[in-house]
Undergrad: 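Here it is: the structure, laid out below.
Position 1 is the first residue of the sequence; numbering continues from there. Since this is a predicted model, take the numbers as computed values, not measurements.
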Amino acid sequence: MAMPASISLPLTSPSPRSLASIPSLRSSFCSLLQLDSIGKNSARRRSPRLSVSVTSAGLHVTEKASSLSFLERRESGFLHFVKYHGLGNDFILVDNRDSSKPRITPEQAVKLCDRNFGIGADGVIFAMPGVNGTDYTMRIFNSDGSEPEMCGNGVRCFARFIAELENLQGRHSFTVHTGAGLIIPELQDDGQVKVDMGEPILKASDVPTRLAPNADESVVKSDIEVDGVTWSVTCVSMGNPHCVTFGNKIDQNLQVDEINLAAIGPKFEHHEMFPARTNTEFVQVFSKSHLKMRVWERGAGATLACGTGACAVVVAAVLEGRAGRNCTVDLPGGPLQIEWNEQNNHVYMTGPAEVAFYGSVPLQ
């Protein structure tokens, strides 16, 4: 269990002078948070729940009764949040169940997600009231302020967040309205989250992509030129667009660790063939049931994991005859289990979601 922390971070960039005055506090704070990653070390088993606040007077540490009491705080002028991650793909989770309007703006989300001057995250996720008969609504602001339709790792974090807010124990499922449609996460007894991600979208105009479709209107093993190199790609939407590649004319079997994501990723994302931009997955095949991928996410850049991307990779691998319908997909942050069910055509994703810390920031 992670330690609750109260962090005071203004939503404006600090001056170099103010930054220079707090390195020791930052170091102390990071040391405290690292206690949660000790694993089964006895120091972790004995660590109390802590509230950490950083002020001009120094670092103050006190014991806290429970994470639930922290989440129930409603001081005006403050944003209370929980930092979660799904295999290192990290998000700031905000309890927004009392309103359908996000508690912060996209511009504020950009500041919060800044890893040098803010909390640091790949996006901000809001738990909102359900619509059209669903239990909840999930909205996301990416680290660049854009709003994606959905996020696979984010929905697992969302499910764990709801479980904490509602004090749910054991196996539970609920319905979530997203920009990609209905999503149904299920909390497992072992703490993992299994998510019914729905059916993949293969029609080129619905992905969307301007690449010429095949006879069945899908884009499978199609050529696209990026930065002077011809890549073979398959396009899939999991409610958000994905361009999946297993190789190019120069290297038909990718070694994904050798790819310069920062150089090639943006060129795929902003390519004219993708009118809504695209997420891009570079994939290495180990076997029919074991794949490895790296991802450049639309609006977030290189991340440690992408749940919808892993789903799109398995769909693409099946369509290209490279893998079966049940695969382990290795991402930089760890593995996900993906199944493309042949009976109902739905894709199921199973993986972890964990608390990093709890915090508060003044809304300015």
Undergrad: Could you grab the distance from atom CZ of Arg294 to atom CG of Asn260, nearest 0.5 Å is fine?
TA: 8.0 Å

Undergrad: Check whether any side-chain heavy atom of Val176 sits under 4.5 Å from a side-chain heavy atom of Phe174, and report yes or no.
TA: yes

Undergrad: Within this structure, what is the CG-NZ distance for the pair Leu187 and Lys194, rounded to the nearest 0.5 Å?
TA: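 The CG atom of Leu187 sits 13.0 Å away from the NZ atom of Lys194.
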
Undergrad: Determine the interplanar angle of the Phe78 and His80 rings, folded into 0 to 90°, and report it as parallel if under 30°, tilted if 30 to 60°, perpendicular if over 60°.
TA: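 Geometry flag for His80 against Phe78: parallel rings.
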
Undergrad: I want to check something: taking the side chain as every heavy atom from C-beta on, are Ile140 and Phe158 in contact at a cut-off of under 4.5 Å?
TA: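 They are not in contact (no side-chain heavy atoms under 4.5 Å apart), so the answer is no.
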
Undergrad: Look at the side chain of Thr209 and the backbone N and O of Met273, then say whether any donor-acceptor pair between them is shorter than 3.5 Å.
TA: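 Yes: the side chain of Thr209 pairs with the backbone of Met273.
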
Undergrad: Rounded to the nearest 0.5 Å, what separates atom SG in Cys311 from atom CD1 in Ile338?
TA: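 Answer for the SG-CD1 pair, Cys311 versus Ile338, is 4.0 Å.
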
Undergrad: Compare every heavy atom of Thr137 with every heavy atom of Gly130, then report the nearest pair and how far apart it is.
TA: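 Distance-wise, the nearest heavy atoms are CA-OG1, 3.6 Å.
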
Undergrad: Looking only at non-hydrogen atoms, find the nearest pair between Asn253 and Asp251 and report the distance.
TA: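 Between these two residues, the closest heavy atoms are O-OD1, 2.8 Å.
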
Undergrad: For Gly191 and Arg160, which heavy atoms make the closest approach, and how far apart are they?
TA: O-NH1, 3.7 Å

Undergrad: From Arg325 CZ over to Lys288 NZ, what is the distance, rounded to the nearest 0.5 angstrom?
TA: 12.5 Å

Undergrad: Would you please test Glu186 and Gln188 for side chain to side chain donor-acceptor pair (under 3.5 Å) and show each step?
TA: CA-CA 6 Å; Glu186 182 181 83; Gln188 305 294 293; 2.7 Å; yes

Undergrad: May I ask you to test the Leu87-Arg156 pair for a side-chain heavy-atom distance under 4.5 Å?
TA: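 Answer yes - side chains close enough.
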
Undergrad: Answer yes or no: is there a donor N or O on one side and an acceptor on the other, between the side chain of Asp114 and the main chain of Asn116, under 3.5 Å?
TA: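 Answer holds: yes.
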
Undergrad: Using a distance-only test with no angle check, is there a side-chain donor-acceptor pair under 3.5 angstrom linking Asn341 and Glu339?
TA: yes

Undergrad: Report the C-alpha distance between Asp122 and Ser143 in whole Å, list the side-chain angles of each, state the deciding distance to 0.1 Å, and finish with yes or no for side chain to side chain donor-acceptor pair (under 3.5 Å).
TA: CA-CA 5 Å; Asp122 292 320; Ser143 58; 5.5 Å; no

Undergrad: Could you go step by step and tell me if Thr308 and His242 meet the side chain to side chain donor-acceptor pair (under 3.5 Å) rule?
TA: CA-CA 8 Å; Thr308 56; His242 293 270; 3.1 Å; yes

Undergrad: State which residues pass side-chain contact (heavy atoms from CB on, under 4.5 Å) with Glu320; sequence neighbours excluded, sorted by chain then number.
TA: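 Expected list: Val220, Lys221, Thr234, Phe246, Arg322.
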
Undergrad: Would Gln337 and Asn326 count as having a side-chain donor-acceptor pair, cut-off 3.5 Å?
TA: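 Side chains of Gln337 and Asn326: pair found under 3.5 Å.
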
Undergrad: Would you say the rings of Phe282 and Phe268 are close, in the sense that their centroids are separated by under 6.0 Å?
TA: yes

Undergrad: Considering only heavy atoms from C-beta outward, does the side chain of Phe81 approach that of Phe357 to under 4.5 Å?
TA: yes

Undergrad: May I ask you to say whether Glu147 pairs ionically with Arg139, meaning some side-chain N is under 4.0 Å from a carboxylate O?
TA: yes

Undergrad: Distance-only, no hydrogens or angles: does the Asp144 side chain make a donor-acceptor pair with backbone N or O of Ser146 under 3.5 Å?
TA: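 Side chain of Asp144 to backbone of Ser146: a pair is present.
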
Undergrad: Are Asn153 and Leu336 close enough that some pair of their side-chain heavy atoms sits under 4.5 Å apart?
TA: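 Asn153 reaches Leu336 side chain to side chain.
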
Undergrad: Quick one: are Val233 and Leu211 in side-chain contact, heavy atoms under 4.5 Å?
TA: yes

Undergrad: Please confirm whether the backbone N or O of Lys101 pairs with a side-chain atom of Ser99, one donor and one acceptor, at under 3.5 Å?
TA: yes

Undergrad: Less than 4.5 Å apart, any side-chain heavy atom of Trp231 and any of Ile264?
TA: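 Yes. Closest side-chain heavy atoms under 4.5 Å.
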
Undergrad: For the pair Asp196 (side chain) and Gly198 (backbone), establish whether a donor and an acceptor sit closer than 3.5 Å, ignoring hydrogens and angles.
TA: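 A pair under 3.5 Å: yes.
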
Undergrad: Taking the side chain from Asp95 and the backbone from Arg97, do they hold a donor-acceptor pair closer than 3.5 Å?
TA: yes

Undergrad: Among residues at least two apart in sequence or on other chains, which ones pass side-chain contact (heavy atoms from CB on, under 4.5 Å) with Glu269?
TA: Arg277, Trp296, Arg298

Undergrad: Is any side-chain heavy atom of Pro148 closer than 4.5 Å to one of Asn240?
TA: no

Undergrad: Would you name the heavy atoms of Gly120 and Asp90 that are closest together and state the gap between them?
TA: O-OD2, 3.7 Å

Undergrad: Is a donor on one side and an acceptor on the other found under 3.5 Å between the side chain of Asp330 and the backbone of Pro335?
TA: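 No, the answer is negative, given that no donor and acceptor are paired below the 3.5 Å cut-off.
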
Undergrad: Any donor and acceptor pair, going by atom type alone, linking the side chain of His271 with main-chain N or O of Glu225 inside 3.5 Å?
TA: yes

Undergrad: Tell me, please, which residues at least two apart from Pro106 pass side-chain contact (heavy atoms from CB on, under 4.5 Å).
TA: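 Applying side-chain contact (heavy atoms from CB on, under 4.5 Å) to Pro106 gives Phe141.
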
Undergrad: What is the minimum heavy-atom distance between Val295 and Ala305, and which atoms define it?
TA: CG1-C, 4.5 Å

Undergrad: Which heavy atom of Arg115 sits nearest a heavy atom of Ala121, and at what distance?
TA: NH2-C, 3.4 Å

Undergrad: Is there a path of hydrophobic side-chain contacts, each under 4.5 Å between heavy atoms of I/L/V/M/F/W/Y residues, joining Val219 to Leu202?
TA: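 No: no chain of side-chain contacts under 4.5 Å links Leu202 to Val219.
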
Undergrad: Between Lys292 and Phe286, is NZ or CZ placed under 6.0 angstrom from the six-membered ring centre and within 45° of the ring axis?
TA: no

